[in-house]
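Contents: one structure, followed by commentary.
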There are 2 protein chains.
Amino acid sequence: MVTLAEVAQHAGVSASTVSYVLSGKRSISVGTRQRVERSIQELGYHPNAGARALASSKSNIIALMVPLRTDMYVPVMMEIAIAVATTARTHGYDVLLLTGEEGPDAVRRVTGSGLADAMILMDVELDDERLPLLRRTDQPSVLIGLPADTTGLTCVDLDFGATGALCAEHLAALGHRDIAVIGEAPAVYERHTGFAERTLDGLRSRAREMGLRVLHRPCEGGYDAMAVTLSRIFDERPGTTGFVVQNENAVEPLLALLRQQGRAVPEDVSVIAVCPDQVATQASVRLTSVAIPAQEMGRRAVEHLVAKLDGRGEDDVVLLAPELTVRASTGPAPSGS
Amino acid sequence: MVTLAEVAQHAGVSASTVSYVLSGKRSISVGTRQRVERSIQELGYHPNAGARALASSKSNIIALMVPLRTDMYVPVMMEIAIAVATTARTHGYDVLLLTGEEGPDAVRRVTGSGLADAMILMDVELDDERLPLLRRTDQPSVLIGLPADTTGLTCVDLDFGATGALCAEHLAALGHRDIAVIGEAPAVYERHTGFAERTLDGLRSRAREMGLRVLHRPCEGGYDAMAVTLSRIFDERPGTTGFVVQNENAVEPLLALLRQQGRAVPEDVSVIAVCPDQVATQASVRLTSVAIPAQEMGRRAVEHLVAKLDGRGEDDVVLLAPELTVRASTGPAPSGS
DNA sequence: AAGTCCTGTCGAAGCGCTTCGACAGCCTAT
DNA sequence: ATAGGCTGTCGAAGCGCTTCGACAGGACTT
């Protein structure tokens, strides 16, 4: 293992000079810089991360806390995680992967040990038990998701309220009157992860303005659960012609069931999904959807965090504007209804 | 930030004693130990990761390199990553998330800087450019996946050869004669990620033994690509009654298309998927499948790595035995054929 | 000519921990 | 009683880096 001192000796300068070449914190003459850089190359020097962290009290690591559950919106999580990792690298940071398993202790451990300089939390609940800790510590953090109380916090999320509204508008504009929302699994609502509620609220209030009737039903993914949910919906509101689906795992089952019941999409029934574009384009019907901009969220989270680490940037709630893409799953409401 | 020295002072012992209490590397009297532990509690002490890494040349971090592409087998990747993270924690390690983006440079950077003590690589290609580096360094590593040459490497993977054979056997036993394999996207084969080939080889050789005719077609996921692929298959082999699907994104499209063509599953056509159980049970037909044991793979990889770090454990290729679960998508071949 | 300011470099201190060798005190074997 | 071996503790060195203050020498002022 090559050390700074060896590089210094090889280049005929002092250790501190090498350090300054590396960090650029003091001006160095061109000649010296080149000599040092050549030595670094030749010796294959890599600064030792531990020593660096110790001396500078900066680890250049961002901790990313992902939910432990692998049962929902997995592709979204993965995409965010990867966007976080790649964006972090472009700013010179590495990413430490924490699972929700440890809960608040993970926050304590990471901030206490100086393992990471900052954190990004995903899957934030409305009244998340990690939030008090975050507010108390002076370590910068960014949430992906929106808790009930955002004071003193920085959050990045899709504007789910507007998302719901957008869905309502689109269906209303097409002449639908009775619509059903297939929501996330009941567990999601119980955990009070806010996004599902926000979508629903946004949708409901716009629906009211536009004279739409809304029926909301949570749904575990999967064919069987969807079958039960769907038959209940049609029992209660036989005239339902529009669906908004927020649970990725319910999308295909819903399409399959509709087909099986002889209801054509989009001729008889329109379906909007709230999901990543990839899911929307790979479904058995190309789905009109509001995209969940996973990459964008990861990227923005990191950029905010880096800004904070650099002393720029303040607490802030960033809500990304939703975009609805019309594909083949929505159309005018059937004239009969 | 509380330091070791402060704890020592608070407990009335020397710094080294506190260190030994923490590490257990020397025997400490019960009284002293308790006193120190209480001080640690009261002061809320957390050892500084950087200092520790510097002094001990151990970071207690495992690097996990995940593929950058988010276009395929995402749930599997995510599940592995999470299993790696949680298993690592139980052994006292944290996980650093690297994306494939940096390529071999990431390996150099991490081993060179002592950022991590060991690495786990996912999505290994048959002739991966990172392998020479891994062989050269003395840092332990484990691959999830199987390269062409495994000498000097430790690998964990599903036994895809046996997986293919298992699929062939199951279909043959049910009386099918003509089967089609819907493979991964062409890009996967071009990259020479071995698992797809291995599945196919295993399947083909067992099929030959059992008198099955096999048609293999790679397929991008998605409805449209699947439609093209499927019609080609039936053009070429109208008597095809069995399908083996290895691409998660092709599963639902295939089911939808078969349904649309009036071919009932499993009465007219049988389908086996190679996918995580979750996908198999949430599909629109409960799929007979060979599970991809993502959690198990992540866990085993970490355990091997920890064994190596502890000086136990040698290079080794671990192939997990596949298990086929019969669900509702396979049945006897129609008697007419 | 002396004073002032840069620029580029160096030396040394210190970040918080681990670990080695030393050793005091006690117990046991002789 | 003495030597030898344990057990439990301490002090000090050092891990590889950053960073502060010092300062030599040249370029400007006045």
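As a basis for the values below, the full set of heavy atoms in this structure was taken, side chains included, without hydrogen atoms, waters or symmetry mates. In the text below, chain A, chain B and the rest are named by the order of the sequence lines, each starting its count at 1.
In this structure the side chain of A:L64 never reaches within 4.5 angstrom of the side chain of A:L96, judged on heavy atoms.
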B/S/- contact track for nucleotides 16-25 of chain D, protein heavy atom under 4.0 Å: BBBBBBB---
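Residue A:V156 is tested with A:V142, A:L143, A:I120 for a side chain to side chain contact (heavy atoms under 4.5 Å, CB included); the sole match is A:V142.
A:T87 contributes no side-chain N or O that, together with a main-chain N or O of A:V84, makes up a donor-acceptor pair within less than 3.5 Å. With hydrogens and angles ignored, the 3.5 Å screen pairs a side-chain donor or acceptor of B:K308 with a backbone N or O of B:S141. Judged by distance alone, with hydrogens and angles left aside, the side-chain atoms of B:D117 form a donor-acceptor pair with the main-chain N or O of B:S59 at under 3.5 Å.
Between B:S57 and B:V30, the residue anchored closer to the 5' end of DNA chain D is B:V30, taking for each the nucleotide with the nearest heavy atom.
Residue contacts shown for A:T32 are limited to sugar-phosphate atoms, with no base heavy atom under 4.0 Å away.
One atom, CZ of B:R33, and another, P of D:dT7, lie 14 Å apart when rounded to the nearest Å.
OP1 or OP2 of D:dG11 has not a single side-chain nitrogen or oxygen of B:S14 nearer than 4.0 Å.
For A:D138, there are no salt bridge (Lys or Arg N to Asp or Glu O under 4.0 Å) partners at least two apart in sequence or on another chain.
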